[in-house]
Amino acid sequence: FNIGSGTELLVEGDFLKNNRTLDYGTGAVNYEIAAVPRNQFLGTSWSYFNGEQKSATATVSHTLTEGWEIRGIGGYQNFKNDIFGTTRPNAGSSVQADGKWVRNVQRSQVQEEYYIAQVDVTGNLEMGFLKHNLLIGADADKYNTATTSFNTLSRYDSINIYDLSMYRQRADIPDLSRNTRTKSPINRAGVYVQDLLSVFEQVKILVGVRWSYQETASNVYNYAKDTTTNSVSFDDAITPRFGIVYQPLKNISLFTSYANSFTLNSGVDISSNALPPSYMAQYEVGFKSDLFDGLLSANITAYQIINSNLAQTNLANGNTNSNVKELAGEVVSKGIEVDVMTRVFAGISLLAGYSYNDTRYTKSNIYIEGSKLRYNPAHTANASIFYTFATENWINGLNLGLSAFYIGERAAGRSTRLTVANDTYKLIDVPAFTQLDASAGYNFSTISFRFKVSNLLNELSYYIHDDNSVNPIAPRMFTTTLSYRLQ
């Protein structure tokens with residue numbers, strides 16, 4: 001909405017309702033993927049995941065003077081879900097070698113509310129040979145979470161994951177009693193300033209700094225004991241950022257940057273004090289170019305992310321309580337990313353990308369130093385080609401596309417290479433896979449139609465975390481989308 005001279009109001013909102021059958025995948029036997037069909041459902045017929053999300057955001061932008069603008073944002077989001085069904089395979093009771101699994105039943109309810117307010121001012125200044133593009137702002141948000149956990153029902157029934165007809169499955173819905181209700185309000189605020197300086201026509205320097213404050217509380221009510229436990233912690237941090245862009249030619253940019261951020265930690269130290277935050281430093285260097293009069297764009301970025309002072313279990317004095325931690329670990333990620341994109345030429349356009357990532361523990365008293373983190377594939381890649389017909393007949397506007405993406409080998413399972421003295425778990429090797437998607441679209445005036453086939457070759461692979469989260473990728477699927485644009 002244009003609500004005045006130089007003032008615009010943007011209002012956005014969305015609503016999502018997601019009710020589906022709860023499905024925790026196909027399971028594993030002794031840290032190996034279970035040899036069951038992809039469509040084998042190991043849950044109960046009545047299990048469900050019921051979720052709902054709604055949000056609204058309003059943004060007001062006002063031009064103060066030429067080159068200066070103020071912007072304000074206010075937003076609200078509400079999310080709630082109710083999850084009720086059997087536990088994950090191997091969670092609570094392990095799947096036996098012959099396929100027998102004694103199923104437990106669990107339930108949880110979550111309700112979240114999120115409020116955010118932000119205001120910032122942007123503008124341009126010239127001081128001698130320096131040109132400044134300034135950003136000054138502040139933000140605050142409030143995040144309320146209420147989680148109700150229920151007492152787990154053990155030994156609900158038994159099934160055999162290889163032969164579901166071997167046991168008679170129960171169909172009744174048990175009544176689980178409430179265990180705890182946990183309220184976790186988080187209040188955050190921050191101020192920031194950033195300046196993009198144009199030193200010469202070919203050189204730009206970015207400098208910025210942010211101060212952040214966070215208050216985290218916890219209120220746990222125990223239904224059986226009728227008791228409440230309260231705690232609160234306060235954290236603040238100053239995080240800088242810095243970058244340089246050099247353009248030897250108009251269509252070529254070389255850049256390097258540094259950014260610092262922090263993440264909060266749960267648990268307490270050996271003296272029962274709340275843990276301070278852990279800091280992460282990110283370094284990047286890269287190359288961007290537009291070649292052949294902008295027909296081809298190519299980006300190459302190399303990075304290193306150091307997650308220092310990583311919280312890990314404190315083993316002092318024989319401690320086995322995983323909630324008692326120390327900031328003594330470190331994880332380092334190194335990688336490279338390559339992206340290539342073309343404009344439409346003779347009706348054809350291309351997109352392609354590749355990334356390499358190596359993430360390892362570099363300091364730890366729990367994991368072997370140098371061991372890789374789970375779930376992270378070292379290699380991923382994607383490529384897409386599209387062709388759009390430009391004719392004088394009815395076929396004009398028809399668009400055909402073929403896409404492929406590759407996810408390399410990775411490790412899942414339990415506990416990434418624990419120290420030998422305590423290595424009671426195993427890893428699961430997950431093979432690489434490539435998925436093909438095909439699509440066709442047609443645009444006519446204000447109406448557009450698109451048909452897509454995902455996993456065209458019906459590839460079978462898995463997304464796996466611990467041994468109780470083994471989820472097959474989706475089989476071949478067909479999707480249609482119809483869109484109408486108001487004129």
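Heads up: numbering here begins at 1 and tracks the sequence.
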Non-hydrogen atoms of Phe386 and Ser403 that approach each other most closely: CZ-OG, 4.3 Å
Test item: Thr26 and Ile161 side chains (from C-beta on) under 4.5 Å apart, heavy atoms: no
Non-hydrogen side-chain atoms of Asn151 and Tyr223 separated by less than 4.5 Å: no
Side-chain touch Thr182/Ser184, heavy atoms, less than 4.5 angstrom: yes
More than 12 heavy atoms of other groups within 6.0 Å of Glu32 CD: no
Steps toward side-chain contact (heavy atoms from CB on, under 4.5 Å) verdict (Ile395, Tyr442): CA-CA 8 Å; Ile395 205 172; Tyr442 186 74; 5.9 Å; no
Arg374 side chain to Ile428 backbone, donor-acceptor under 3.5 Å: no
Residues Arg188 and Asp139 bridged, charged N to O under 4.0 Å: no
Side chain to side chain, Arg107 and Leu153, heavy atoms closer than 4.5 Å: no
Any donor-acceptor N or O pair under 3.5 Å, side chains Thr180, Ser149: yes
Where Ser278 and Leu327 come nearest, the two heavy atoms and their spacing: OG-CD2, 4.0 Å
Any donor-acceptor pair under 3.5 Å from Thr362 side chain to Glu330 backbone: yes
Residues Phe262, Ser212; criterion side-chain contact (heavy atoms from CB on, under 4.5 Å); working and verdict: CA-CA 9 Å; Phe262 75 100; Ser212 302; 3.7 Å; yes
Backbone N/O of Met280 and side chain of Asn307: donor-acceptor pair under 3.5 Å: no
Give every donor-acceptor pair under 3.5 Å between a side-chain atom in residues 444-451 and any protein atom, sequence neighbours left out.
{"from": "Arg450", "atom 1": "NH1", "to": "Ser439", "atom 2": "OG", "distance (Å)": "3.1"}
{"from": "Arg450", "atom 1": "NH2", "to": "Asn399", "atom 2": "OD1", "distance (Å)": "3.2"}

Plane angle bin for Tyr283 and Tyr258 - parallel if under 30°, tilted between 30 and 60°, otherwise perpendicular: tilted
Salt bridge Asp172-Arg170, side-chain N to carboxylate O under 4.0 Å: yes
For the student: nearest non-hydrogen atoms of Arg20 and Asn50, plus distance: N-OD1, 4.3 Å
Within 6.0 Å of CD in Glu409, more than 12 heavy atoms from elsewhere: no
For Asn455 against Glu459, the heavy-atom pair lying closest together: OD1-N, 2.7 Å
Test item: Arg178 side-chain N/O and Asn222 main-chain N/O as donor-acceptor pair under 3.5 Å: no
Tyr361/Leu310 under side-chain contact (heavy atoms from CB on, under 4.5 Å): CA gap, chis, key distance, verdict: CA-CA 10 Å; Tyr361 288 100; Leu310 185 71; 4.2 Å; yes
Separation between NZ of Lys183 and OG1 of Thr148, rounded to the nearest 0.5 Å: 9.0 Å
Check: Leu350 main-chain N/O paired with Thr342 side-chain donor or acceptor under 3.5 Å: yes
Asp98 backbone acceptor or donor facing Asn160 side chain under 3.5 Å: yes
Thr480 side chain near Leu482 side chain, heavy-atom distance below 4.5 Å: no
Value rounded to 0.5 Å, distance of CD in Glu52 from CG in Asn81: 11.0 Å
Atom CG of Asn230: over 12 foreign heavy atoms under 6.0 Å: yes
Val95 side chain reached by Tyr162 side chain, heavy atoms, under 4.5 Å: no
Between Gln106 and Asn104: side-chain donor-acceptor atoms closer than 3.5 Å: no
Sidechain-backbone polar pair: Arg103 side chain, Ser158 backbone, donor-acceptor under 3.5 Å: no
Whether Tyr356 and His379 hold their rings parallel, tilted or perpendicular, with breakpoints at 30° and 60°: tilted
Donor-acceptor pair between Tyr143 and Glu112 side chains, under 3.5 angstrom: yes
Geometric class of the Phe234/Tyr213 ring pair [parallel <30°, tilted 30-60°, perpendicular >60°]: parallel
Neighbour count above 12 (heavy atom, 6.0 Å) for Arg181 CZ: yes
Asp429-Tyr31 side chain donor-acceptor pair, cut-off 3.5 Å: no
Gln111-Gln109 side chain donor-acceptor pair, cut-off 3.5 Å: no
Polar side-chain atom of Gln169 near backbone of Ile159 as donor-acceptor pair, under 3.5 Å: no
Worked verdict on Asn471 versus Tyr24 for side chain to side chain donor-acceptor pair (under 3.5 Å): CA-CA 7 Å; Asn471 300 285; Tyr24 284 133; over 6 Å; no
Phe433 and Phe405 aromatic ring geometry - parallel, tilted or perpendicular at 30°/60° bounds: perpendicular
Donor-acceptor pair, side chain of Thr86 and main chain of Gly43, under 3.5 angstrom: no
Residues Asn357, Thr359; criterion side chain to side chain donor-acceptor pair (under 3.5 Å); working and verdict: CA-CA 6 Å; Asn357 177 271; Thr359 306; 2.6 Å; yes
More than 12 heavy atoms from other groups under 6.0 Å of CZ on Arg476: yes
Rounded distance (nearest 0.5 Å) linking atom OH of Tyr76 with atom CD1 of Ile116: 14.5 Å
Backbone of Ala28 reached by a side-chain donor or acceptor of Asn90 within 3.5 Å: yes
Between CZ on residue Phe79 and CG on residue Asn18, distance to nearest 0.5 Å: 8.5 Å
Side-chain donor-acceptor contact under 3.5 Å, Ser355 with Thr380: yes
Side chain to side chain donor-acceptor pair (under 3.5 Å) evaluation trace for Tyr48 with Asp82: CA-CA 8 Å; Tyr48 62 79; Asp82 184 1; 3.1 Å; yes
Interatomic spacing from CD1 in Ile385 to CG in Leu400 - rounded to 0.5 Å: 10.5 Å
Atom of Ser47, atom of Phe41 and distance for their closest heavy-atom approach: OG-CZ, 4.0 Å
Ile270 and Glu326: CA distance, side-chain angles, deciding distance, side-chain contact (heavy atoms from CB on, under 4.5 Å) verdict: CA-CA 8 Å; Ile270 199 71; Glu326 61 178 335; over 6 Å; no
Minimum heavy-atom distance Ser461-Pro431, with the two atoms named: OG-O, 4.0 Å
Aromatic centroids of Phe389 and Tyr387 separated by under 6.0 Å: yes
Asn30 CG to Asp467 CG distance, which is reported to the nearest 0.5 Å: 9.5 Å
Distance-only polar pair, side chains of Lys142 and Asn187, donor-acceptor under 3.5 Å: yes
Donor + acceptor pair across side chains of Asp226, Tyr221 (<3.5 Å): yes
